[in-house]
2 protein chains.
Amino acid sequence: MTHSPLRPPTMADVARLAGVSHQTVSRVLGDHPNVRDETRARVQRAIEEMGYRRNSSARALATRRTRTLGVVASNTTLYGPASTLFALEEAARAEGYLVSTVSVRKLTVETLSEALDHLSDGGVEGVIAIAPQRSAVEALAELRRPFPVVAVGTGSASTVPSANVDQYLGARLATGHLLAAGHRTVWHLAGPEDWQEAADRVAGWRKTLEEAGVEPPMPLRGDWSPLSGYRAGQELAGWVGRGLTAVFVANDQMALGVLRALREAGVRTPQDVAVVGYDDIPESEFFAPPLTTVRQDFSAVGQRSIALLLDLIEGRTPSGPTRIAIEPQLVVRASTYPYASPPGTAPPG
Amino acid sequence: MTHSPLRPPTMADVARLAGVSHQTVSRVLGDHPNVRDETRARVQRAIEEMGYRRNSSARALATRRTRTLGVVASNTTLYGPASTLFALEEAARAEGYLVSTVSVRKLTVETLSEALDHLSDGGVEGVIAIAPQRSAVEALAELRRPFPVVAVGTGSASTVPSANVDQYLGARLATGHLLAAGHRTVWHLAGPEDWQEAADRVAGWRKTLEEAGVEPPMPLRGDWSPLSGYRAGQELAGWVGRGLTAVFVANDQMALGVLRALREAGVRTPQDVAVVGYDDIPESEFFAPPLTTVRQDFSAVGQRSIALLLDLIEGRTPSGPTRIAIEPQLVVRASTYPYASPPGTAPPG
DNA sequence: GAGGTCATTGTGAGCGCTAACAATTCCCGC
DNA sequence: GCGGGAATTGTTAGCGCTCACAATGACCTC
């Protein structure tokens, strides 16, 4: 603190003050064992006094390691991506890595490629790509890149190493729950066509119905937004009384729109139509009525994918499979069962 | 592509292939004017052929510029922080900067200090701190740090350069709207005590009532979560018929809980009690009933704060004030006015 | 055709650190 | 009190790039 040059102090400055060579300073900083206690203390005092911090660029240049990971994501204001991002960063930081993020509005071959370039210019050692669109997955496989990449949200379609919640299983849980409650069939409001996770949920829903000997109705399509759910809900309301008693909606936000449309059409939930969502966003417990949904462990996705990426970067043989699947969990609430428990009494997510 | 050494190619490798000096390669890459077209083309071909990319660490070391910004944030799965984060990254990338994020679970002096250290070790040239807790703001002012910092979400309390939505004004809009609709008084469910934004909203609400000659009732406290809103809503329901006809809730998530509690208590919204929220999250239009709320332009916050930070980094005199205030906007829906328009007809956020 | 100017290219010296090796010191047993 | 090995410290050479400056050559003017 006494010293205040125009440029931040260098290792040589510290060395001079401590009366040692710069290499000894480096050893102290690197916790190298063979440094005399007295010397170490003297160096440490000098470091303190000058407020010295190692220059990360010089270090990175000499070691060829930046200790920085990249993340490419889209739709980061949605609960799922935001939660994954959070878990990713936390896991990476625990391993001493910094995380640089590129959030794009729309994931295409171009934006993905630009994002990887930008991260590459930033010197990342590896990248997590949250790439739920099918096209992005393919692009990922083809793009030339000088570092390992782990995909997240690619559903069952990943050709690169990946970590995913098992969407197929989640859809089976949701659909099976409705069938078990006595519904003859289950309609489905699906996510966008080109999202692999949406496709996996459709597949799980369809398979479950088929196993029960039921011909699946035509699924509706939304874009994940509450508004698209509202519009689909208006359409669904027209089928009430003609065999529609249960709907599996591919995410909670759309389910919210469906609930509103049904309510406005005078259709009661769950008495007339039962609704199941997907994601378990924090709000869904407070919808009207509280929403039965499928909870995804985004935190696990984040941790597992970081662990996998680090294995790849450090050249270790991955300790587990390179295509990780995480089990989702059904959360039953009043939208499928009118006597479900009030808020705050069930274990939180 | 033909070349495939163990190490990525260096500028010298490219220079050799193109038959020029490494400096000429640097000039081509830096778009320096004085390079003959023929030479430039030859170099570019060599770059292409080898798949060469500049080493960012070496570049950063030589230029003393990392072109990386840091962001410290908490509660990043909430709509507000997530939106801000997105806008921040997008604005920074447009200026050629990479963004490294540290998301902490709880913002304290310790976690903030650790986050800044971590970012500092990553070589960031400046930091945006999303620091809504009052304690964090103070910590920020005192912490020694070798780079400029711009605070976001610090409400009116920032001692460092900052960009904020004017929360005081937002609260006045919300409260004034309810008074104008004929309510005699307005209750308030506030956010956590130590959040400056919560305090600013309380102040705006209180001031508006006082100006109207009304003694403000005791505000309730929540923690932003729907559950805390639900609990407060149960309490509020007990005051219906005893002067409670309107509530201003400090965020949309809590408002969702309040709506549920009122509904369960048989209180109708807006006929018995009108409710106004804050944030305009995408879901609020689909609540039961759709929620009147205050929209914050997070995107503007992100852009303005990045512009300010870059001014500070580049040593320019900031082109505007160093404490930026952004105006919020009232969005009227059915929770205060039963004949509000259906979804999809109003201009989107 | 000498001298001057400009465009173009090359050379050398760092940026601040780590890694490999060399040099010094210390401590022990005999 | 001296050889030998371990512990400790110093020296040197990069890591791959940019910056400042030097060198070259082309072209022009008088």
Side-chain angles (χ1 to χ4, degrees), chain A residues 3 5-44 46-47 50-68 96 120-125 146, chain B residues 3 5-44 46-47 50-68 96 120-125 146:
Chain A
H3 203 64
L6 285 86
R7 289 219 213 296
T10 71
M11 203 170 253
D13 295 331
V14 173
R16 205 170 308 121
L17 179 61
V20 296
S21 76
H22 65 134
Q23 180 58 11
T24 296
V25 178
S26 178
R27 286 192 185 99
V28 169
L29 252 21
D31 263 335
H32 192 95
N34 287 345
V35 179
R36 204 159 22 121
D37 284 355
E38 195 269 328
T39 310
R40 183 185 305 277
R42 194 144 38 87
V43 169
Q44 233 127 28
I47 289 173
M50 305 189 86
Y52 170 73
R53 314 214 54 162
R54 272 187 292 202
N55 178 309
S56 61
S57 303
R59 212 160 122 68
L61 179 58
T63 58
R64 303 155 175 283
R65 299 291 313 265
T66 59
R67 297 196 76 79
T68 300
S120 179
D121 288 344
V124 299
E125 296 185 33
Chain B
H3 202 65
L6 286 86
R7 287 218 217 295
T10 70
M11 203 169 255
D13 295 332
V14 173
R16 205 170 307 122
L17 179 61
V20 297
S21 76
H22 64 133
Q23 179 58 13
T24 296
V25 178
S26 179
R27 287 194 184 97
V28 169
L29 252 22
D31 263 335
H32 191 96
N34 288 345
V35 179
R36 209 167 11 131
D37 283 355
E38 195 269 328
T39 311
R40 183 186 304 279
R42 194 146 36 87
V43 169
Q44 233 129 27
I47 288 173
M50 305 189 86
Y52 170 74
R53 314 214 51 163
R54 272 187 292 203
N55 178 308
S56 61
S57 303
R59 210 159 122 71
L61 179 58
T63 57
R64 305 157 174 281
R65 300 290 313 262
T66 59
R67 296 196 76 79
T68 300
S120 178
D121 287 345
V124 299
E125 296 184 33

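Numbers restart at 1 for each chain; the letters A, B, ... are given by sequence-line order, proteins then strands.
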Heavy-atom pair with the smallest gap, counting every atom of A:Thr10 and A:Tyr52: C-CE1, 3.5 Å

B:Arg64 side chain, from C-beta outward: closest of D:dG10, D:dG16, C:dG16: C:dG16

Could you state the atom-to-atom distance from CE of A:Met11 to P of D:dG14 in whole Å? 20 Å

Can you tell me whether the side chain of A:Arg27 and the base of D:dG10 have a donor-acceptor pair closer than 3.5 Å? yes

Report which part of the nucleic acid A:Thr24 touches: base, sugar-phosphate, or nothing (heavy-atom distance under 4.0 Å, all strands). sugar-phosphate

A:Thr39 near the nucleic acid: base, sugar-phosphate alone, or nothing, with a heavy-atom cut-off under 4.0 Å? sugar-phosphate

Counting the atoms with a prime plus P, OP1 and OP2 as sugar-phosphate, which does B:Ser21 contact under 4.0 Å by heavy atoms, base, sugar-phosphate, or nothing? base

Is there a donor-acceptor pair under 3.5 Å between the side chain of A:Thr68 and the backbone N or O of A:Thr66? yes

Closest approach to the side chain of B:Asn55, judged atom by atom: which nucleotide of D:dC17, C:dG16, C:dT18 is it? D:dC17

Just call it for A:Asn34: base, sugar-phosphate, or nothing, with non-hydrogen atoms closer than 4.0 Å on any strand. base

Side-chain heavy-atom pair B:Val20, B:Val25 within 4.5 angstrom cut-off: yes

Minimum-distance nucleotide (side-chain atoms of A:Val35 versus C:dT8, C:dT11, D:dT9): D:dT9

Assign each of B:Ala62 and B:His22 to its nearest nucleotide of DNA chain C by heavy atoms, then name whichever residue's nucleotide is nearer the 5' end. B:His22

If you take all heavy atoms of A:Ser57 and B:Leu61, which pair is closest and at what distance? CB-N, 3.8 Å

